[in-house]
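Residue numbering restarts at 1 for every chain, and letters A, B, ... go by the order of the sequence lines. All values below come from the heavy atoms of this structure, side chains included, with hydrogens, waters and symmetry mates left out.
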Number of protein chains: 2
Amino acid sequence: MPATTPARRTDTRPGGRSARVRAAVHQAVKELLTEEASELTIPVVATRAGVHPTTVYRRWGSVGELLADVATSRFSGDIVVPDTGSLRADLERYAADLARDLSDPDTLALVRAIVGAGGDGASVCRGERQRQLEAILEREQGRGHQAPTLERAVDALLAPLYYRAVFTDRSPTPEWARTLVTHLLPG
Amino acid sequence: MPATTPARRTDTRPGGRSARVRAAVHQAVKELLTEEASELTIPVVATRAGVHPTTVYRRWGSVGELLADVATSRFSGDIVVPDTGSLRADLERYAADLARDLSDPDTLALVRAIVGAGGDGASVCRGERQRQLEAILEREQGRGHQAPTLERAVDALLAPLYYRAVFTDRSPTPEWARTLVTHLLPG
DNA sequence: TTACTAACGCAATGATCACTGCGAGACCTG
DNA sequence: CAGGTCTCGCAGTGATCATTGCGTTAGTAA
């Protein structure tokens, strides 16, 4: 175990070739997901990444696990939880950021692929978001104010955002995301 | 063109072998979708259906088109729009029915596969539902009462139902679906 | 620098897939 | 019942995929 973990958890030789291969494969997956014409298969991903297919088979095993790995590194720490002091402002900014994130075609394609790949990957997309939302709500409660329950906030904010992004062809806009907050909070 | 369309739109020889093959293939797809271990590929589907793979290749071409076809026949006319005379009761019953529908593992697996398969198929799952919801709202307006906009109802009802079904491991229950209606309608 | 371990590239194998003429059988029409 | 048309099954082909053993290279530690 190294004394100071270098802020990465790639495990087993974080620096050097392994990390480069990992980054190249992740990048290849993201690229291929946008080009929906091509099939997302291990040899195709490996060729695009300039890596031998054997490497991908050994490190990830299947397309599903590879997608889950890409998703975890994609949905971790990319959106900072806002802290403006006001619950409404926090939620509005967070919803707007999330709308921008889900408007990105790459992200959207990744989410769709994760959903289609299997069961466990889907919770990866929502887990981090739900925790962030929970943090906002708990902070408001810590201020001594009332706040909606997490379930209610998920239904009113996360659900419409993801639904619109995944099931419709209209991208969620930041402005529309703010109206969701208006409907959630009374007044 | 036949004089009286027999309430089916299978096109080109609705009765007989073609219809049987179509039904068998559809059933095979539904079965294989529940067994998520197996890959959903044309030869596998054909073998399960007791049909030669060539037939499936010629009729549907790809897995994506096959899934879209299964989805259209699955999401058409399976839920009757309630008409109780009260908007709240209509929405509560409709949401509860939809929750029951989305709790079915077969339906859920189909939705997830459709989302992952490509772009156009996803709207098939929601298009019929949104039209049904619109019908309920317009009927209430026809009674001279105020009703939420379609967009608002979609965000408050359809989105949480689909989000919970697809992205979480908790099935939506009819009771919880009714609470969504409570949150949508004032009072 | 040197030795050790882990990750990668290479080549080969069997299996599965996607696709295409061809002939036989089933279905509708007169 | 007879003719025409459409669909299906069959067999074969090339391509791609998933997997394995082995040698080489890169990264780590003494």
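Every residue meeting the side chain to side chain contact (heavy atoms under 4.5 Å, CB included) condition with B:S171, not counting sequence neighbours, appears here in chain and number order: B:S103. Remark: A:R129 engages A:D78, A:D101 in a salt bridge (Lys or Arg N to Asp or Glu O under 4.0 Å) (not counting sequence neighbours). Scored by the salt bridge (Lys or Arg N to Asp or Glu O under 4.0 Å) test, B:E39 finds no partners at all (sequence neighbours excluded). With sequence neighbours excluded, the residues that form a side chain to side chain contact (heavy atoms under 4.5 Å, CB included) with A:R143 are A:D83, A:D90, A:R139, A:E140, A:H145. Evaluation of the side chain to side chain contact (heavy atoms under 4.5 Å, CB included) rule for A:A23 yields no partner, not counting sequence neighbours. The salt bridge (Lys or Arg N to Asp or Glu O under 4.0 Å) check on B:E65 picks up nothing, with sequence neighbours excluded. Considering only residues two or more places apart in sequence or on other chains, A:A109 meets the side chain to side chain contact (heavy atoms under 4.5 Å, CB included) condition with A:L33.
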Filtered N/O pairs between nucleotides 12-17 of chain C and protein, under 3.5 Å:
none

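Between the side chain of A:R164 and the main chain of A:R170, no donor-acceptor pair closer than 3.5 Å is present.
OP1 or OP2 of D:dG9 lies within a sub-4.0 Å distance of a side-chain N or O belonging to B:T55.
Here the side chain of A:V51 is nearest to one of D:dT7, C:dT20, C:dG9, namely C:dG9. Each of C:dC8, C:dC27, D:dC10 was ranked by its minimum atom distance to the side chain of A:R58; first place goes to C:dC8.
Rounded to an integer number of Å, the gap from B:R20 CZ to D:dG9 C1' is 15 Å. In this structure, A:W60 places its CH2 atom 16 Å from P of D:dT19, rounding to the nearest Å. With rounding to whole Å, B:R59 atom CZ is found 17 Å from C:dC19 atom P.
Residue pairs meeting the ring pair (Phe, Tyr, Trp, His ring centres under 6.0 Å) criterion with at least one partner in residues 153-185 of chain B, sequence neighbours excluded, are A:Y162-B:Y163, A:Y162-B:F167, A:Y163-B:Y162, A:F167-B:Y162, B:Y163-B:F167.
Across the helix from C:dT1-D:dA30 to C:dG30-D:dC1, the helix axis at one end is tilted relative to the axis at the other end by 40° (nearest 10 degrees, each axis from five pairs).
Around CD of A:Q146, the count of heavy atoms belonging to other residues, nucleotides or ligands within 6.0 Å does not exceed 12.
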Can I get a per-line list of side-chain donor-acceptor pairs under 3.5 Å for residues 50-58 of chain B, giving both atom names and the distance, sequence neighbours left out?
| from | atom 1 | to | atom 2 | distance (Å) |
| --- | --- | --- | --- | --- |
| B:H52 | ND1 | B:T54 | N | 3.3 |
| B:H52 | ND1 | B:T54 | OG1 | 2.9 |

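Non-hydrogen atoms lying under 4.0 Å from DNA chain C are contributed by nothing in residues 24-35 of chain A.
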